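Here is the structure we will look at.
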Amino acid sequence: MSTIVVLVGPPGSGKGTQAKVLCERFGMAHLSTGDMLRAAKKAGTLEPEFLAIMDSGGLLPDAAVIGLIDRRSREADCSPGFLLDGFPRTVPQAEALGTMLDSRGLKLDAVVQLDVKRELLEERLIHRRTDKRSGQIYHLLYNPPPPELLQAPDSLEHRKDDQPDAVKTRLDAYDSMTAALLPYYEERGLLRRIDGVGKPEEVTGRVVASLDTVK
Ligand code: AP5
């Protein structure tokens with residue numbers, strides 16, 4: 001039986017950081033719509049209008065990301081289960097996910113919300129750097145990249161949507177579109193609210209404890 005978990009939280013709440021650890025620990029595939037879109041951008045296959053939306057911090061049309069998840073979640077590595085990071089982000093995406101899982105005889109086990117206040121999020125995003133080769137996420141102050149990466153700045157990515165204007169747009173999009181998922185999943189008894197403040201390993205411990213009752 002597959003374990004299927006959604007990780008939801010505002011930009012910078014630590015979804016990517018936690019997803020990597022949780023997927024290793026529970027043997028789930030990591031399905032991040034943001035990573036998939038950035039990979040398409042790098043490969044030059046992302047439609048120019050989608051590229052502009054992403055860079056400015058807006059949300060892509062629901063149909064585009066639903067199609068991505070539908071295809072990716074059918075791949076072999078998803079059979080033991082998968083963790084959705086950054087999807088769904090709107091109620092129509094959540095409804096589409098429900099329909100998709102139903103049609104395959106699957107069910108969502110849990111929705112984990114990482115709760116972090118807005119003031120902390122801006123600070124986390126502006127100082128984020130990502131190792132271009134491994135995808136490892138760093139923070140210039142709290143979890144700095146190793147000296148060899150700092151001495152070769154081209155090896156570190158500073159995301160275009162981590163510039164202050166795009167960060168504000170992304171946080172506003174979360175408040176106006178994505179926060180509606182919390183009551184949606186709470187009504188269905190799936191929501192687990194986790195304090196996302198503290199050392200990353202402390203947050204992992206809280207998430208793992210909240211998933212204890214899954215399966
Ligand atoms: P996406 O890549 O999903 O971005 P996001 O949701 O904005 O989330 P982030 O990746 O910015 O943050 P995160 O929560 O993963 O935090 P992280 O672990 O990196 O999406 C990008 C764009 O793609 C969207 O804006 C949209 O355009 C498009 N898109 C994607 N999905 C879509 C969808 N479903 N529908 C429509 N459009 C979609 O951590 C952030 C920083 O904090 C790092 O520096 C990290 O080191 C640090 N940090 C992490 N944990 C801690 C901690 N506990 N304490 C201190 N620092 C910490």
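Any value given below was found using the heavy atoms of this structure, including those in side chains, with hydrogens, waters and symmetry copies removed. Bear in mind the structure is a predicted one, so any value in this text is a computation, not a measurement.
The side-chain heavy atoms of Leu60 and Leu37, taken from C-beta on, include a pair separated by under 4.5 Å. Using a 4.5 Å heavy-atom cutoff, the side chains of His158 and Arg128 are not in contact. Within the 4.5 Å cutoff, the side chain of Arg129 has no heavy atoms near those of the Arg159 side chain. With contacts defined as side-chain heavy-atom distances shorter than 4.5 Å, the pair Leu156/Pro145 qualifies. With contacts defined as side-chain heavy-atom distances shorter than 4.5 Å, the pair Met100/Ser73 qualifies. His127 has its side chain within reach of Glu123: a pair of non-hydrogen atoms, C-beta onward, lies under 4.5 Å apart. At least one side-chain heavy atom of Met36 sits under 4.5 Å from a side-chain heavy atom of Ile69.
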Report the C-alpha separation of Leu97 and Ile66 in whole Å, then their side-chain angles, then the decisive distance to 0.1 Å, and conclude whether the side chain to side chain contact (heavy atoms under 4.5 Å, CB included) test is met. CA-CA 8 Å; Leu97 175 65; Ile66 291 166; over 6 Å; no
Go through it in stages, so that I can follow the logic: the residues are Tyr184 and Leu182, the test is side chain to side chain contact (heavy atoms under 4.5 Å, CB included), and I'd like the CA-CA distance, side-chain angles, deciding distance and then a yes or no. CA-CA 5 Å; Tyr184 177 90; Leu182 306 177; over 6 Å; no
Can Val167 and Asp161 be said to form a side chain to side chain contact (heavy atoms under 4.5 Å, CB included), step by step? CA-CA 6 Å; Val167 164; Asp161 62 352; over 6 Å; no
Tell me, with the steps shown, if Val197 and Asp115 meet side chain to side chain contact (heavy atoms under 4.5 Å, CB included). CA-CA 8 Å; Val197 181; Asp115 191 17; over 6 Å; no
What do the steps show when you test Arg118 against Asp175 for salt bridge (Lys or Arg N to Asp or Glu O under 4.0 Å), and what is the final call? CA-CA 10 Å; Arg118 184 159 175 151; Asp175 290 341; 3.2 Å; yes
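Criterion: ILVMFWY side-chain heavy atoms under 4.5 Å apart, direct or through other members. Under it, Val111 and Leu101 are part of a common hydrophobic cluster. The hydrophobic clustering, which links ILVMFWY residues whose side-chain heavy atoms are closer than 4.5 Å, places Ile194 and Leu121 apart. Hydrophobic cluster membership is shared by Phe50 and Phe87, with clusters built from Ile, Leu, Val, Met, Phe, Trp and Tyr side chains linked at under 4.5 angstrom. In the hydrophobic clustering of this structure, Val21 does not group with Val116; members are Ile, Leu, Val, Met, Phe, Trp, Tyr whose side-chain heavy atoms approach within less than 4.5 Å, directly or through other members. Linking ILVMFWY side-chain heavy atoms closer than 4.5 Å, directly or via other members, places Tyr185 and Val65 in a single hydrophobic cluster.
Judged purely by atom type and a 3.5 angstrom limit, Arg89 uses its side chain to pair as donor or acceptor with the backbone of Gly86. Of the possible polar contacts, one joining the Ser134 side chain to the Gln136 backbone as a donor-acceptor pair under 3.5 Å is found. In this structure a side-chain-to-backbone donor-acceptor pair under 3.5 Å is present from Glu202 to Lys199. Looking only at distances, no side-chain donor or acceptor of Thr45 sits under 3.5 Å from a matching main-chain atom of Lys41. Not a single donor-acceptor pair under 3.5 Å links the side chain of Thr130 to the backbone N or O of Gly135. At least one donor-acceptor pair under 3.5 Å links the side chain of Arg206 to the backbone N or O of Asp195.
Between atom CD1 of residue Ile126 and atom CG of residue Leu141 there is a gap of 11.5 Å, rounded to the nearest 0.5 Å. Separating the CG atom in Asp162 from the CZ atom in Arg170 is a distance of 5.0 Å, to the nearest 0.5 Å. Summarising the geometry, atom CG belonging to Asp109 is positioned 9.5 Å from atom CE belonging to Met28; distances are rounded to the nearest 0.5 Å. Note that OG1 of Thr3 is 10.5 Å distant from CG of Leu83, once rounded to the nearest 0.5 Å. With rounding to the nearest 0.5 angstrom, the CD atom of Glu186 is 12.0 Å from the CZ atom of Arg192. Interatomic distance, Tyr138 OH to Leu149 CG, rounded to the nearest 0.5 Å: 5.5 Å.
Within the structure, the side-chain hydrogen bond (donor to acceptor under 3.5 Å, both in side chains) test picks out the following pairs touching residues 12-22 (sequence neighbours left out): Gln18-Thr204.
Counting all heavy atoms, side chain and backbone alike, Ser2 lies closest to Leu106 at OG-CD2, 4.0 Å. Counting all heavy atoms, side chain and backbone alike, Ala29 lies closest to Cys78 at CB-SG, 3.9 Å. Residues Asp62 and Pro92 come closest through the heavy atom pair OD2-CB, 3.5 Å. Heavy atoms only, all atoms of each residue included: Ser210 and Val112 are closest at OG-CG2, 4.3 Å. The shortest non-hydrogen separation linking Gly198 to Val203 is O-CG2, 4.1 Å. Here the closest non-hydrogen pair linking Asp85 and Gly16 is OD2-CA, 3.6 Å.
Salt-bridge formation is not detected for the pair Asp131/Arg133: no Lys NZ or Arg NE/NH1/NH2 atom is positioned less than 4.0 Å from an Asp or Glu carboxylate oxygen. Salt-bridge formation is not detected for the pair Arg72/Asp35: no Lys NZ or Arg NE/NH1/NH2 atom is positioned less than 4.0 Å from an Asp or Glu carboxylate oxygen. A salt bridge is defined here as a Lys NZ or Arg NE, NH1 or NH2 lying under 4.0 Å from an Asp or Glu carboxylate O, and Lys168 with Asp165 fails to meet this definition. Under 4.0 Å is where a charged nitrogen must lie from a carboxylate oxygen, and between Asp70 and Arg104 at least one such pair does.
For Glu201, the CD atom counts as densely surrounded, since its 6.0 Å shell holds more than 12 non-hydrogen atoms of other residues, nucleotides or ligands. Heavy-atom neighbours of Arg25 CZ from other residues, nucleotides or ligands within 6.0 Å: at or below the threshold of 12.
Residues passing the ring-ring contact (aromatic ring centres under 6.0 Å, His included) test with Phe26, sequence neighbours excluded: none.
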